[in-house]
Protein chains: 2
Amino acid sequence: MERSTLPRLTRAESVQRTRAALLSAAEDVFADKGFADAALDDIAERAGFSRGAVYANFANKTDLFLALLDNWLQREIDNGTRLTDSDNTPQQDIDALDGQGGNRFADRKRFLLLIEFRLYALRHPEVADRLRDYDRATMDWFGSTVERVAEASGIRLPAPTEQIALLVLALEHGIATLAHTDPERIPHDSFLDALTLLNRSLTAMAAAES
Amino acid sequence: MERSTLPRLTRAESVQRTRAALLSAAEDVFADKGFADAALDDIAERAGFSRGAVYANFANKTDLFLALLDNWLQREIDNGTRLTDSDNTPQQDIDALDGQGGNRFADRKRFLLLIEFRLYALRHPEVADRLRDYDRATMDWFGSTVERVAEASGIRLPAPTEQIALLVLALEHGIATLAHTDPERIPHDSFLDALTLLNRSLTAMAAAES
DNA sequence: GTCTATACGAAGATAGAC
DNA sequence: GTCTATCTTCGTATAGAC
């Protein structure tokens, strides 16, 4: 006996689709309301489902939050490493360092989620572990880029690569934080300015040492 | 007719005392649990009172949170400006910049509260305003210190004071964030190291320009 | 002003139908 | 796997005694 209709989606695909929709909705709602104030009802509704669908796909609210964290971090890391493989000019490298022309965390939603995750991590070590890996990956990415820039400029870095990478990442994070609090005084491209200043001064220091 | 007992505390003092105790307890509990998960019951109990005392002194949970914010920020600013008045040596200035030998936000509770406030500020503009004032005061403090260091060293700053102050504050914040996430790899005194590197490289840059 | 008791709403979680 | 209905917990806020 033949099946009367050929479903466009297999069962597995349908499940994945629901899960993906829920994760996407969760991303919006968690960013908007924060973990504690985000209602599973809102999330489900935004995804076009009912609360039951949430519990069919995730054990509970925390499980959904952690699944989103994994999903989000993986995308962020992929995004970063994808850019590393190219062989850029130094200026392109500097531009790429801060992600498509502005601080990566100039985007409000992106920044809100990151802070939400970081705050959660401060109280939950297992989440801190994942963010730690993310930060290390980012610093590796920054570090290799810094080295490429230095090599292209023919200078010898006046400090360990790791220290400079840490400095750059801390700057990106700190400036995003301050810019979101005081956008009138602190534009997000202060990060680019800071990188430029840093590049110039480190170059001057390297020259002075040789 | 004479009063039989002389109360150690006047009524007004007693009120202030209760209020202070509640604020202190709130500081602990908000830092520990976060705004949403902090129960007024816990706060009152920790202060040695019942929930009624909270509502006698504050309109509601948010009001208590905002009162704590004001209280906390004022203490932080007082703390900072108090250090500015001294006439330090350059090295003392550098040390003072990051607060008593380590990053000011190496302290877990202090950092948790700050992040809690910042996250709240991202969703509530009136709180962002207060943090903005705090950040500006801090940058002014950093800026005047940077100028004093430069003057003592006899160098001309190779960038606007404001930019350098922003850079220092962003570094302090960013490094505290990363250190709390990955304490094994990133010690809190990375901030001191970063300041030292920054000082050296900016000095080299200033020398190269003159 | 502070306490106890209570009302009330919100939201996470579960059970059972489809 | 998804939905609706229900249970339950929790915490804010209020009312009234002291």
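Hydrogens, waters and symmetry mates are skipped; everything else that's a heavy atom, side chains included, is used. In the text below, chain A, chain B and the rest are named by the order of the sequence lines, each starting its count at 1.
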Between dT4(C) (P) and F49(B) (CZ): distance, integer Å: 12 Å
Parallel, tilted or perpendicular, as decided by the 30° and 60° cut-offs, for the rings of Y120(A) and F35(A): perpendicular
Within 45° cone and under 6.0 Å: K61(A) NZ/CZ vs Y55(A) ring: no
For atom CZ of F58(A) and atom P of dT2(D), their distance in whole Å: 10 Å
Residues from residues 23-31 of chain A lying under 4.0 Å of DNA chain C - heavy atoms: none
Atom-pair distance (CZ on R17(B); C1' on dG1(C)), nearest Å: 16 Å
Donor on one side chain, acceptor on other, N79(A) and R75(A), under 3.5 Å: no
Phosphate-side-chain proximity, S50(B) and dT2(C), N/O vs OP1/OP2 below 4.0 Å: no
Contact check, side chains of F117(B) and F65(B), non-hydrogen atoms, under 4.5 Å: yes
Salt bridge (Lys or Arg N to Asp or Glu O under 4.0 Å) partners for D28(A), two or more places apart: R46(A), K109(A)
Separation of dC3(C) P from N57(B) CG (nearest whole Å): 10 Å
Phosphate contact (dT2(C) OP1 or OP2) by T18(B) side-chain N/O below 4.0 Å: yes
Contact pattern, 5' to 3', of nucleotides 11-16 of chain C - B, S or - by protein heavy atom under 4.0 Å: -BBB--
Any donor-acceptor N/O pair, R118(A) side chain to T177(B) backbone, under 3.5 Å: no
Q74(B)-D70(B) side chain donor-acceptor pair, cut-off 3.5 Å: no
Any donor-acceptor N/O pair, N57(A) side chain to A53(A) backbone, under 3.5 Å: yes
A56(B) side chain, from C-beta outward: closest of dC3(C), dT2(C), dC3(D): dT2(C)
Euclidean distance, atom CZ of residue R19(B) to atom C1' of dT2(C) [Å, nearest integer]: 16 Å
Any S14(B) side-chain nitrogen or oxygen under 4.0 Å from OP1 or OP2 of dG1(C): no
H124(A) side, atom NE2; L69(A) side, atom CG - distance, nearest 0.5 Å: 12.0 Å
